[in-house]
Number of protein chains: 2
Amino acid sequence: MHIEADELIGALRRSGLRITKARRAVCEVLAESHLDHLTAAALLQRVNERVGGNVVASTIYRSIDALEEQGLLHHIHLGHGPGVVHLSDDPLRDHLAHHHLVCEGCGRTVDVEMAAVVEAMGELAQEHDFSMKSVHFALVGLCLDCASL
Amino acid sequence: MHIEADELIGALRRSGLRITKARRAVCEVLAESHLDHLTAAALLQRVNERVGGNVVASTIYRSIDALEEQGLLHHIHLGHGPGVVHLSDDPLRDHLAHHHLVCEGCGRTVDVEMAAVVEAMGELAQEHDFSMKSVHFALVGLCLDCASL
DNA sequence: ATCGTTGCAAAATTTTTGCAATTAG
DNA sequence: CTAATTGCAAAAATTTTGCAACGAT
């Protein structure tokens with residue numbers, strides 16, 4: 001359903017980029033946490049846990065950039081705070097859309113299913129001569145907990 | 001179709017907040033530029049043009065916060081760079097959604113119509129016990145210009 | 001007279017960049 | 001070997017905060 005680490009690494013390599021220990025770890029962490037929306041800081045931490053090491057934030061950002069340039073990853077800012085990244089959905093096996101309910105109170109983000117809409121989005125993009133890479137869709141409001149405060 | 005300056009000012013006043021020259025200008029600029037998605041910096045500039053003056057960035061951010069707490073305004077980050085703000089749509093006269101095509105190349109943001117989807121979003125929110133304030137919806141990809149580079 | 005608001009300056013946060021040293025291919 | 005990548009440190013960009021002075025009600 002999502003891109004796997006090997007595919008990421010392969011794609012980078014095919015573009016003449018080099019696979020270092022840090023880069024490989026970034027790919028692996030991303031592939032393993034495709035359910036999460038990781039901040040760069042969280043990604044950094046998991047990468048360092050994995051390599052037992054001293055990988056530095058700028059390396060993470062540069063890896064993110066590299067993957068993003070390949071269209072393998074997208075980043076988006078949902079509300080306040082740092083941006084989050086996640087792998088692209090695989091267009092061959094899945095649809096392109098990500099959907100979230102973003103709570104303004106606690107920042108909690110709930111992923112929701114809404115496959116029906118995706119088709120309409122594709123048409124929309126076509127009408128505007130837009131080559132769609134991914135859809136981010138944030139429904140901003142208050143979750144039940146925060147609404148009752 | 002959108003909230004007007006007087007409504008903004010009235011709502012702030014009703015909440016016991018005070019209407020200063022800076023704050024009034026913020027409300028007026030926002031109401032006048034409801035088509036744009038202003039960054040804090042752009043808002044600052046327009047406010048200063050309007051009051052001929054020395055309003056400072058932190059004042060803008062504090063006004064944004066005040067309006068956001070009232071649910072009159074929302075801010076979102078679409079891709080890189082600074083966040084943008086815009087007034088809430090008026091739920092009585094219009095639907096809640098904002099839609100954008102965000103070009104990864106040049107950052108250009110095109111607003112699109114897609115009213116049909118909004119209803120589905122409302123149902124979606126209800127299913128998740130989520131009180132919807134607004135919908136932000138970014139279709140990330142490349143516009144025609146950038147795709148041909 | 002109160003208490004929210006402002007400007008200013010300083011800090012916090014997130015991300016980017018320059019550069020010499022390292023390392024993958 | 002060659003050129004991409006790294007760590008480090010410094011800078012940039014955006015947003016937040018503390019505080020004394022000011023101003024709205």
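Proteins come first, then strands; the chains are lettered A, B, ... in the order of their sequence lines, and each starts at number 1.
For the side chain to side chain contact (heavy atoms under 4.5 Å, CB included) with B/Gln70, the lone residue among B/Leu8, B/Asp65, B/Leu17 that qualifies is B/Leu17.
Atom CG of A/Leu44 is separated from atom OG1 of A/Thr59 by 8.5 Å, given to the nearest 0.5 angstrom.
Remark: the backbone N or O of B/Val29 is not paired with any side-chain donor or acceptor of B/Glu32 at under 3.5 angstrom. A donor-acceptor pair under 3.5 Å is absent between the side-chain atoms of A/Gln45 and the main chain of A/Ala42, judged by distance alone.
The distance from atom CZ of B/Arg18 to atom C1' of D/dA24 is 5 Å, rounded to the nearest whole Å. Residue B/Lys21 contributes atom NZ, which lies 9 Å from atom P of D/dG23 at whole-angstrom precision. If you measure from atom CD of A/Glu69 to atom P of D/dA4, you get 13 Å, rounded to the nearest angstrom.
For the pair B/Val26 and B/Leu67, the minimum side-chain heavy-atom distance is below 4.5 Å. Using a 4.5 Å heavy-atom threshold, the side chains of B/Glu68 and B/His75 count as touching. Side-chain contact between B/Leu12 and B/Cys27: present, with at least one pair of heavy atoms (C-beta onward) separated by less than 4.5 Å.
Nucleic acid contact class of B/Ala22 (heavy atoms, under 4.0 Å, all strands): sugar-phosphate only. At a threshold of 4.0 angstrom between heavy atoms, the contacts of A/Arg24 with the nucleic acid are absent.
The side-chain contact (heavy atoms from CB on, under 4.5 Å) check on A/Ala41 picks up A/Thr39, with sequence neighbours excluded.
Listed pair A/Thr20 / D/dT6 meets the phosphate criterion, a side-chain N or O lying under 4.0 Å from OP1 or OP2. For D/dT6, the OP1/OP2 oxygens have a side-chain nitrogen or oxygen of A/Arg23 closer than 4.0 Å.
Proximity of residues 46-64 of chain A to DNA chain C (heavy atom under 4.0 angstrom from any strand atom) is restricted to A/Ser58, A/Tyr61, A/Arg62.
Nucleotides of DNA chain C that come within less than 4.0 Å of any heavy atom of chain A span, from the 5' end to the 3' end, C/dT14 to C/dG25.
Taken together through direct or relayed side-chain contacts under 4.5 Å among Ile, Leu, Val, Met, Phe, Trp and Tyr, A/Leu73 and A/Ile19 form part of one hydrophobic cluster.
For B/Ala40, whose side chain is taken as the heavy atoms from C-beta onward, the closest listed nucleotide among D/dT15, D/dT6, D/dG23 is D/dT15.
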